[in-house]
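Taking it in order: structure first as structure tokens, then the write-up.
All residue numbers refer to positions in the sequence shown, counting from 1. All values below come from the heavy atoms of this structure, side chains included, with hydrogens, waters and symmetry mates left out.
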Amino acid sequence: MLASILWLGNITFRVIDNDNHVTVDDNEAVSCAASLLKCSKEHLMEALCTRKMRAGHENIVQKLTASQAADSRDALAKAIYAGLFDWLVDCINKSLEVGKRHSGRSISILDIYGFESFVKNSFEQLCINYANERLQQYFNQHLFKLEQEEYISEGIDWTEVEFIDNQECLELIEKRPLGLISLLDEESTFPKGTDYTLAEKLKEHLTFNGCFKGERSRGFRIRHYAGEVTYDTIGFLEKNRDLLHSDLLHLLSSCEMHLPQHFACNVEQTLLKLTGPVRRSGIESQKQSVATKFKGQLASLMQRLEDTEPHFIRCIKPNTLQQPNLYQEDLVLQQLRCCGVLEVVRIARSGYPTRIAHQNFAQRYHFLLPLSLANQEDPLSICVAILHQFKVRPDMYQVGYTKLFFRAGQVGRLEDIRLQTLNGIVLFQKIYRGYKVRQYFRKLKRTAIMLQSLIRARKVRRKFEELIRKHRAAIQIQKYVRCRAKKQEYLKQKEKTILIQSVIRGWLARRKVLAIQRKLEEEERVALEAKLHGEQLIKAAQMNKRLLEEFDTSEVDNPAHMDEELANPGVSSMHVDGQAEAVKVSPSYLAELQSRVLVAEAALREKEEDNSVLRQRLNHYELKWSEYESKMSSMEEMWQKQMSSLQISLASAKKTLAPDDFANQGFKYDESFPYKSIVTKQRGSRHMLPQEEEEFDWDDTTSVGTKTPDHLSTPRKPFLDLSSGRGELDAGRSVVSHLFKEFEHRKQVFDDDASFLVEVKTGQTEASLNPDEELRKLKQRFDTWKKDFRGRLRETKSILQKLGNPDSAQRLKKNWWSKKA
């Protein structure tokens, strides 16, 4: 069946003339649908594109247009699907009626979606909300009826409870002949009826009803019990028309399968019940619209509800995200309003919503009465005594035959009194039971402590004995282990000692052998030199002898030359005879040359010793100079850190004491500060070289942007005169030490003054002065001191850099050498 419905949806049509008449395309969809329905293919194509009408005693065949043919095809598919659904429901109900045949009773469940209100509401929402209106009316009437029956059965006085009746809204929808459904059916029968004409007709005939309100264009609003809903008439007529004409019913009846025949039979029986025993034809079957069918089915449902005993279950959806522990209040409130729960609660609260049986009431609250009243046997007497005891007003309760009826809030008051009494009883019981338990616990604790002391003493004694045995065994093991370890250590040390001795002895032996070898080589060298010297002397003697001989011969030949030689005894003569060279040297002249050589060697050794001493001194001075430079760099870093901390403290004090008061002001000295005289004295008595008692200013490289006022500018002059190398170093150290002392003193003074002004400003110290004015003066003094000190610092740095310059160091060295010379 489902497959045949899908194939019916694939059937297409083809236009055959100018009047837009169509015929069915003979394709696979038609063949498959016909084979699945077990009907004739030609009969199916004829039923979809034509319609037979009876006029008098003749039958007229009318061709359908494309839109009419498509509507016939869709109507056939819908009819088959609806019949299949009804058939499945009947099968399920028949299988569930087995128990009903034995017991005669059954339980039916009606599941309805509930009230619907969307942005765009159409014909389906109207039908659903119409059913909810009818069920809500039945629900209110049933609840009121139960309330009335219970009041009458208990024999109490009561007044009729009023509730909101939605009969007006129901008459708007189902009243004939001017109800919404009737007007919709009437407009559906008109061939030229449209959604716009339907909207205009509804506005024309239903305006008198208070639940109806027309909207612009094709919309209208209906005030339901759960709220107003705006409907759009687009598609109302198409969805309301039942286009299943008699030819399609004959087609289903002609199918060979049992289900299509069963569907056609059910449709005919339904039409017979709705139209009555009048004659019916294909035209009459078309007049049964969807709204009329829905109205009839709803009427039969209400009739069945009247014949049974209903029970209502309201399901509330906490959130739309399907998550646990999430409660959307707006969503829940909307559901309660749409389900009518709020109206039911209002009806219940308008009467006596709380009902308690006499026996249960007396059993729950009898302990609140005195003992004389609580021992009564009649539960009703106990109930009346409880009500009198707590002064419940007569108009707030009613006494029935078996129950007590209370208005809202009365039982809550009794429950509060009962809870307070129970809390007092529980508190007393708690204290008493705690006392008993503490007594029992103390007894158990003393017993447990005694047993634990005995058991622990025995365990400790055993453990101590075991510990003694382990201690003795450990001492014995340690003795042998330490003995073995010491023995191994001794052997290792012995081996190492022997190895060291062998190495040292070998080194000493080699050293001694080398010394002997050097001594022998020295002796050989000395002997060789002596030999060479002797040979030279022999050669010199021979040469002298030869010279003397030559001199004797030449004395006779040239007496003038002899006189010249005698006049210049230190002059030697040389004679070259062939390849030999002869030198004539005087012995006295040779001795004198040797003595000069010895003197020169002694002077050279002395100079070398002096040079080594001077190099050592120079290295010593260079080492001291590097130490001095490192010390100066560390002191400079420390001064910068201290100055930055001083600036931070002054800035914080300036923020605390109204910084706007001393901006852009001149500088003046004040007699109230104790250090004015010191500053004046120091400025007037500054020397070229600082003394021990003087104070000096300081400034770091980060203190920029300050300016000393023009009328307080102090002329600076060089305060360091370095005339000698050693004096320059000592003077530099003295200046640096004095600058550091002055910085520490100034820092302490400014900190003390700033702290004193802060205390005066906050009221911690009383003084007859203006803290804002004094702080401004303090700032000006600080700026002046900083500017002056910065200049001296730069001069000191430049002088120290000159001392650290290599050219200057070289100049000092030359001066020192000149002084030494």
Side-chain angles (χ1 to χ4, degrees), residues 67-68 71 74-75 78 115-137 165-245 270-271 273-276 278 280-302:
S67 61
Q68 292 174 349
D71 292 340
D74 297 340
K78 292 178 182 178
F115 188 80
E116 289 186 353
S117 178
F118 303 124
V119 176
K120 184 178 181 181
N121 301 282
S122 186
F123 181 74
E124 294 84 356
Q125 282 72 40
L126 177 63
C127 295
I128 292 174
N129 293 338
Y130 169 47
N132 280 283
E133 286 283 353
R134 177 63 69 183
L135 291 173
Q136 181 66 24
Q137 185 187 41
D165 192 3
N166 58 347
Q167 183 62 34
E168 184 179 7
C169 184
L170 291 174
E171 290 179 356
L172 171 68
I173 298 175
E174 63 186 8
K175 185 179 179 179
R176 301 188 66 177
L178 296 178
L180 194 150
I181 294 178
S182 300
L183 295 175
L184 178 62
D185 291 343
E186 180 182 350
E187 192 69 20
S188 299
T189 57
F190 292 157
K192 296 183 179 181
T194 61
D195 296 330
Y196 182 77
T197 58
L198 172 64
E200 294 297 327
K201 181 177 289 188
L202 293 178
K203 295 174 186 177
E204 180 182 357
H205 295 88
L206 300 179
T207 308
F208 65 89
N209 194 301
C211 295
F212 180 86
K213 184 177 181 181
E215 294 287 334
R216 293 182 179 180
S217 183
R218 291 169 292 188
F220 62 92
R221 284 193 293 177
I222 298 179
R223 188 178 71 250
H224 295 280
Y225 72 93
E228 287 190 354
V229 180
T230 302
Y231 298 95
D232 193 352
T233 57
I234 296 177
F236 265 54
L237 297 179
E238 180 182 357
K239 295 176 182 177
N240 186 49
R241 291 191 180 105
D242 186 6
L243 301 177
L244 187 67
H245 51 83
T270 303
L271 295 176
K273 291 180 182 179
L274 294 176
T275 58
V278 297
R280 55 188 179 86
S281 63
I283 299 175
E284 292 178 349
S285 65
Q286 298 175 15
K287 295 181 181 179
Q288 303 303 319
S289 64
V290 176
T292 304
K293 292 179 182 179
F294 184 80
K295 180 180 176 182
Q297 293 174 358
L298 182 60
S300 63
L301 173 64
M302 300 307 300

- Item | K203 NZ: over 12 foreign heavy atoms closer than 6.0 Å | yes

- Query: Hey, are the side chains of L206 and L183 touching, using non-hydrogen atoms and a 4.5 Å cut-off?
  - Reply: yes

- Message: I need the L170 CG to L180 CG distance, nearest 0.5 Å.
- Response: 12.5 Å

- Item | Residues in side-chain contact (heavy atoms from CB on, under 4.5 Å) contact with D232, at least two apart in sequence or another chain | K120, R218, I234

- Message: Are T197 and F190 packed together at the side-chain level, in the sense that at least one heavy-atom pair is separated by less than 4.5 angstrom?
- Response: no

- Query: Who are the ring-ring contact (aromatic ring centres under 6.0 Å, His included) partners of F220, not counting sequence neighbours?
  - Reply: F212, Y231

- Spacing of CG belonging to L126 relative to CD belonging to E116, to within rounding of 0.5 Å: 11.0 Å

- Query: Rounded to the nearest 0.5 Å, how far does CZ of R221 lie from CD of E228?
  - Reply: 4.5 Å

- Message: Using every non-hydrogen atom in the two residues, find where A291 and D185 come nearest and quote the distance to one decimal.
- Response: CB-OD1, 4.2 Å

- Item | CD-SG distance between Q136 and C169, expressed to the nearest 0.5 angstrom | 11.5 Å

- Message: Within the structure provided, determine whether K239 and E124 are in side-chain contact (heavy-atom separation under 4.5 Å).
- Response: yes

- Task: Apply side-chain contact (heavy atoms from CB on, under 4.5 Å) to K295 and list each qualifying residue two or more places apart in sequence or on a separate chain.
- Result: Y130, E174, R176, I181

- Item | Gap separating the CG atom of L237 from the OG atom of S188, nearest 0.5 angstrom | 4.5 Å

- Message: Measuring only between side-chain heavy atoms, which start at C-beta, is T194 closer than 4.5 Å to E187?
- Response: no

